[in-house]
Amino acid sequence: MEKDFAHLLQKNQLKITGPRLGVLQVIAQSDAAITQPALEKIMGADVDRVTLYRILKTFEEKGILHKVIDLNGTANYAICSPKCTVHEHHDEHFHFNCINCKKVYCLDDTPLQSIKIPKGFIAKDINLLISGLCDKCNPPE
């Protein structure tokens, strides 16, 4: 998998560094989108806060990660669709924010109806957030 990440960085004209590879590995292994503070905790001394912030910003600009704002206004990061580029994100999918565990999940397989916006409007970002209980927090009946 690290080889794939190295190729992804090269494809986006980014230097292959330990911190960049580490961030990608942690996010890819997570079952949900992840916040910068959570990444800081996991990465520990391997990456400082400023470097992590720069990595996340660069990855978002390059179309490697997408940012989801949760119910508390906190930014969460997830791996982008392979269709995303530096020029255009294609992460038009629902996100589910669990009100119990606070995790944010990408619902890539949930069909999305086309969204028609009024003439003259230009959509630059779409944030489709559903809140409720995830399958781990929903008590069995």
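All values below were derived from every heavy atom in this structure, side-chain atoms included, with hydrogens, water molecules and symmetry-related copies excluded. Remember, it's a predicted structure, so these values are computed and weren't measured experimentally.
Taking every heavy atom of both residues into account, F96 and C134 meet most closely at CE2-N, 3.7 Å. For the residue pair C98 and L133, the shortest heavy atom distance occurs at SG-CA, 3.9 Å. The two residues I16 and L9 have their closest heavy-atom pair at CA-CD1, 4.0 Å. Scanning all heavy atoms of the two residues, the minimum distance from L21 to A6 falls at CD2-N, 3.8 Å. Among all heavy-atom pairs drawn from L71 and S131, the shortest one is CD1-CB, 3.5 Å.
Note on residues 40-49: pairs passing side chain to side chain donor-acceptor pair (under 3.5 Å), not counting sequence neighbours, are E40-R49, D48-T51. For residues 65-75, the salt bridge (Lys or Arg N to Asp or Glu O under 4.0 Å) pairs, not counting sequence neighbours, are E60-K67.
If you chain together hydrophobic residues whose side chains sit under 4.5 Å apart, F121 and I115 fall into the same group. Both I117 and F94 belong to a common hydrophobic cluster when Ile, Leu, Val, Met, Phe, Trp and Tyr are linked at side-chain heavy-atom distances under 4.5 angstrom. Residues L14 and V23 share a single hydrophobic cluster, defined by chaining ILVMFWY side chains whose heavy atoms lie under 4.5 Å apart. A chain of hydrophobic side-chain contacts below 4.5 Å, direct or via other Ile, Leu, Val, Met, Phe, Trp or Tyr residues, connects L52 to F5.
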Can you check side chain to side chain contact (heavy atoms under 4.5 Å, CB included) on L56 and I27, steps first, answer last? CA-CA 11 Å; L56 293 172; I27 293 174; 4.3 Å; yes
Audit row: R20, F59, side chain to side chain contact (heavy atoms under 4.5 Å, CB included) steps and yes/no: CA-CA 9 Å; R20 285 179 175 160; F59 284 178; 3.8 Å; yes
Carefully, step by step, assess L24 and I79 under the rule side chain to side chain contact (heavy atoms under 4.5 Å, CB included). CA-CA 8 Å; L24 287 172; I79 300 288; 4.1 Å; yes
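Taken to the nearest 0.5 Å, the CD1 atom of I42 stands 9.5 Å off from the CD atom of Q29. Separating the CG atom in L128 from the NE2 atom in H95 is a distance of 8.0 Å, to the nearest 0.5 Å. Atom CD1 of I34 and atom CG of L39 lie 4.5 Å apart (nearest 0.5 Å). Distance NZ/K57 to OH/Y77: 10.0 Å, rounded to 0.5 Å. In this structure, T74 OG1 and I69 CD1 are separated by 8.0 Å, a value rounded to the nearest 0.5 Å. A distance of 11.5 Å separates CG in N138 from NZ in K136, rounded to the nearest 0.5 Å.
The aromatic rings of H66 and H93 lie perpendicular to each other, with more than 60° between the two planes, well past the 30° mark.
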Side chains of residues 99-106: which donor-acceptor pairs under 3.5 Å do they make with residues two or more places apart or in other chains?
residue : atom : partner : partner atom : Å
K102    : NZ   : I99     : O            : 2.8
K103    : NZ   : D31     : OD1          : 3.3
K103    : NZ   : D31     : OD2          : 3.4

